[in-house]
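Here the structure is laid out as C-alpha cells; the discussion comes afterwards.
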Amino acid sequence: MDTEQLALPVAAEVPRPRTLMVATVLASATSVMFFIALFGIYVSQRQQTRAAGIEWFPEGAIRLPPGGMMMMTLVLSIGTMAWVQQAIKNDDRRSAIIALAITMVFGGSVINQTVFYWQDMGLGINDNPESSAAMLMYIITGAHMAMVIVGLVFIFLTALRAIIGQYSSRQADGIHAAAFFWYSVVAVYSVIWFAIYITK
Amino acid sequence: MTTITESPTEAAALSTDGDAPASALSSGLTGMLTTTDHKDVGSMYVRMALVFAAAITVVGAVAGLENIDRDSLDIFNAASAVNQLNWLYLTGLATLVVMPLLVGIGTAVVPLQVGSTSIAFPRASAGGFWTWLVGAGAYVGSFIVDGGFSSGINVDDRAVALTIAALGVTVAGLMLSMICIATTVIALRPAGMSLRRVPLLSWSMMIAAVTWLMSLAVLIADLVVEYVALQHTDRGVDAFEAIAWMLSGPQVFAFAIPVLGIAGDVIAGVGGQRQKLYDVILGGIAAVGLLSFGAFAQSKYDLGTRDVTDELTYILVGVVLLLPLLAVAGGLLDTFRLGRKDLKAVPLIGALAALLMLLAGAAANAVRVIGHWGIIDDWNETRIMDRGVMHYALLAGLIAGVAGLYYWAPKIFGRRFNQGLGGLAVLLLLAGTVVIALPDVIAGFLESNDDASDVLALISMIGGFIVAGGAFLALDAVAFGLIKKSDEVIEDNPWGANTLEWATTSPPPVGNFAAPVPLVMSETPLLDEHDDDAADAADAKVDA
C-alpha cells in the first residue's frame, strides 16, 4: 500500500513529549531495584551470620553520628531541590540556579563525609573472613556514592542548561527529572541509614 | 513503493522521497560506528545476535556431548572445560542471542509502530548496542583465556573477574537499549494512540523493558557482590550459583515476553484480522511480565534452612504464570482461526511454533515447581528440569525472533528473505527445541543413575545439534538475503497488515514517515482506513 493512498485525517500535534522524565523514572527505578537487591543480600547474610553465632560487625565499628549527619545533609538537599522546582514554576531562574548550586554543595558534602568515615572507621574489607558485613557495607555505600555522583552530574548539566536560559514554568522537564533522580538518591540513603547505621 | 535495483546497502541508502540516505550503514565502518538511526542500530543488533546464535548453539551442542555420561569426564578430560562450555552456552543463549535479537527487533520496529520519527534518545540506544557488543566480546574472550564463574578450579581468577565484569557490561548495554524502547512507547506515541491502542510488539517490549530492568538490576547487584568478593576478599566465589535464577523459571519467561507481541502482530498481520479482546491480550501480556519477575528466587535470599524455591510464593507464581499465557495464546489462536491461513509464510509458522514452545515451557515449569513438593527430591534432577524449561522459553524467543525478522524484514532491511531457507530454519529450530528440552523435562522425574537418563541425555544432545543447524540456517537466510543483488520490488505493506509501520515505505526513509502520521483511532489504524473506504463505497452505492 502506498503512503499516498492513505486518506485518514492527520494526527493533531501532541504535547511536548516527556522523554527525559520517563527515562529518568525508569533509570531511577532500576537504581532503586539494584539497592533493594543489595539490601536483600545484606539482611539475609546478616541473619545467617548471626544465627551461626558469628559477630556481624566488630563492636563499635559502625557509629550512628556520621550516618545521621549524612542523612541530615541529604534531607536538607531535598529542601533545596524542592526550592529549585518551586523557583522554576515561578519562572525565577536565578533562584533555581542558586538552589541547584546549594544542592550540589550538599551532594559534594555527602561524598566527603562518606570517604572520611570509610577512613575513620578503619574497617578492612577482609578483616573477618567469616563475616561479609564489611564487604557488603563498602559495596552498598560505595554504590550509593556512585549514585550521588551521577545525580550531581545530572544536576550540573541541568544547572548549565538553566544558566543558558533553557527552562521556564512551561518547560521544566529537565528540572523535574533531575529532582526525581535526586529524591531517589535520598530515598536509597534513608534505607542505608536504617539498615546499616541503626540496625547494623 | 521502493524498487531494489542495486546492492542492498545502496538500496537502503536511498529514501523514497529524495537523495537522503535511509541507512548510515551504507557509509561503511564510519557510518556503522556513528549511526543513531534506530533501524540501523536494530539491524546491527539482530545481525550480531544471529552470529552469536550460530556460535553459541554449537558450543551448547558440544557441551551436551558430556551430558550423555555425566559420571565420566572423558571427552574434555577436565571438569573446568565442561563447566566453562556449559556456562558460556547457558548464559550466552540468553544474553548474547535471545535478548539482543528481541531488543534489535524492538529497536528497529517499535518507533515505526508508534508513529515516531525516531527512537527516544537515539545516541543512548546506539550506545547501548556498542556497550553490549564490547561486553559480549569481552565475555566470550574471558572464556577463551580460561575464565568462568567459579574461582579456584583450574581457572584463572583474573579471567573469572573478567567474565563477571563482562557479563555485567553486556547486560547494562541491553538495559540501556530497553530504557530507550520503553520511553519511546510511553512518551512518543502520536495523538489518538492511547496505551490501549499500542501494537502488541510495542506493548510487549514495554512490559519486557520494565520486567528486565527490575530483574537485571538484581543480576548486576549479584555480579557486583561476586566481583568484589573475588577481587578483595579471600573467599572463593561461585558466581554461577548466584546468577542461576536468571536461567530458571519464572525469570527465564521474562526474556520471552516479546514472543507474545511478535506472535500477536504476525498472526493478526498475516491473517489480515483485527485482534479480538485486545484489552484481554494486553492484560495477559502485562500479567506475564509481572509473574515472570524471578529475581527473588535465588539462594542469596534464603532465610534459615528453608530455600526460597520451597516457599509457597515461588510455587504459586510458577503455576499461575501458565494462566495468562494460556489466555494470550487462546486469543491469538482465535485470531489465527478467523484470518487468512498462509501456512507457507515463515513469520506465521514461526509465530505459532514459538507460541507452542512457550506454552510447553510454562507447563513444564508448573510441573517442576509442583515437583518441589516431593516428586523431585534430588537437586541435580531439578537442575536438569530447569534446563529443559530454559530451553523451551529461550528457544521460543529465538524462533519468534526469526519469525519477526522475516515479518519486518521490509522495514528493517528493505528487502525480503528466502522463504524456503527461513521455513527450514524455523522447522529445525522447532524440532530442535522439542528434542533438546523434552528429554530434560522427563529426566527430571528419573533417578540420576537411571539408565534411561543417559538415553534422554543422548536425545537432548542430538537436539542441541538440530538447534545449531537451525540457527546456522537462520543466519544464512539473513546473510544471503542481505548480500545478494536483487531487483525485487518491495511492497510497502506486503502482508496487508494494519499497524502504523506498514503505512510507510520499505525501507522507511530517514524520519520514518514521509507523510504525516494518520490519526490513530484504534489499534489497527490501517484497517480503519479500509473500513472507512468500504463504508464510503457503501454510502455511495446507497446514494446512487
Side-chain angles (χ1 to χ4, degrees), chain A residues 1-48 51-52 124-132 134-140 142-143 146 173, chain B residues 1 16 115 120-121 124 175 179-180 182-184 186-193 209-210 213-222 224-225 228-229 232-235 295-296 300-304 491-493 496 502-505 513-521 525-526 528-529 532-533:
Chain A
M1 182 192 299
D2 284 347
T3 309
E4 293 74 21
Q5 292 173 355
L6 290 172
L8 285 170
V10 173
E13 282 289 314
V14 290
R16 187 183 179 86
R18 305 195 68 189
T19 48
L20 185 58
M21 190 68 203
V22 171
T24 303
V25 170
L26 288 170
S28 301
T30 304
S31 305
V32 169
M33 197 66 210
F34 170 80
F35 282 99
I36 289 173
L38 289 177
F39 288 130
I41 296 170
Y42 182 88
V43 171
S44 168
Q45 294 281 309
R46 182 175 66 184
Q47 196 233 27
Q48 289 178 19
I125 195 169
N126 201 29
D127 282 355
N128 181 4
E130 292 183 316
S131 168
S132 52
M135 180 188 78
L136 289 172
M137 187 273 294
Y138 281 120
I139 289 174
I140 291 172
D173 215 30
Chain B
M1 194 174 289
T16 51
F121 308 108
M175 291 168 78
I179 286 180
C180 298
T183 304
T184 305
I186 294 169
L188 293 181
R189 285 171 284 119
M193 186 183 278
V210 174
L213 289 173
M214 295 300 100
S215 50
L216 294 179
V218 179
L219 177 72
I220 299 267
D222 287 336
V224 168
V225 170
V228 174
H232 298 288
T233 73
D234 297 333
R235 292 183 210 101
F296 68 95
K300 274 197 164 71
Y301 299 147
D302 290 344
L303 289 175
E491 294 177 58
D492 294 342
N493 189 359
W502 303 106
T504 187
T505 53
F513 295 89
V517 175
L519 182 65
V520 177
M521 300 176 74
L526 305 194
D528 296 340
E529 154 73 355
D532 287 349
D533 286 349

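In what follows, chains are A, B, ... by sequence order, proteins preceding strands, each numbered from 1.
Neither the backbone nor the side chain of B:A209 has a heavy atom closer than 4.5 Å to any heavy atom of chain A. Contact of B:F296 with chain A is not made at all, since no heavy-atom distance falls under 4.5 Å. Residue A:D127 does not touch chain B at all, counting heavy-atom pairs closer than 4.5 Å. Both the backbone and the side chain of A:A29 come within contact range of chain B, judged by heavy atoms closer than 4.5 Å. The part of A:I139 that comes within reach of chain B is its side chain, from C-beta onward, which places non-hydrogen atoms under 4.5 angstrom from that chain. Heavy atoms closer than 4.5 Å to chain B are found in the side chain of A:L136, but not in its backbone. Heavy atoms closer than 4.5 Å to chain A are found in the side chain of B:M175, but not in its backbone.
B:I220 is not listed as a side-chain neighbour of A:T30, based on a closest heavy-atom distance of 4.5 Å or more. Within the 4.5 Å cutoff, no side-chain heavy atoms of A:N126 are placed close to those of B:H232. Looking at A:I36 and B:V218, their side chains never come closer than 4.5 Å, going by heavy atoms from C-beta outward.
Counting heavy-atom pairs closer than 4.5 Å to chain A, the top-ranked of the candidates B:T184, B:I186, B:L188, B:T183 is B:T183.
Rounding to the nearest 0.5 angstrom, the gap separating the OG1 atom in B:T233 from the CG atom in A:N128 is 11.5 Å. In this structure, B:L216 CG and A:F34 CZ are separated by 13.0 Å, a value rounded to the nearest 0.5 Å.
The side chain to side chain donor-acceptor pair (under 3.5 Å) test applied to A:S132 returns A:Q45, not counting sequence neighbours. A:F39 pairs by the ring-ring contact (aromatic ring centres under 6.0 Å, His included) definition with nothing, not counting sequence neighbours.
Across all their heavy atoms, A:M33 and B:A217 have their closest contact at CB-CB, 3.9 Å.
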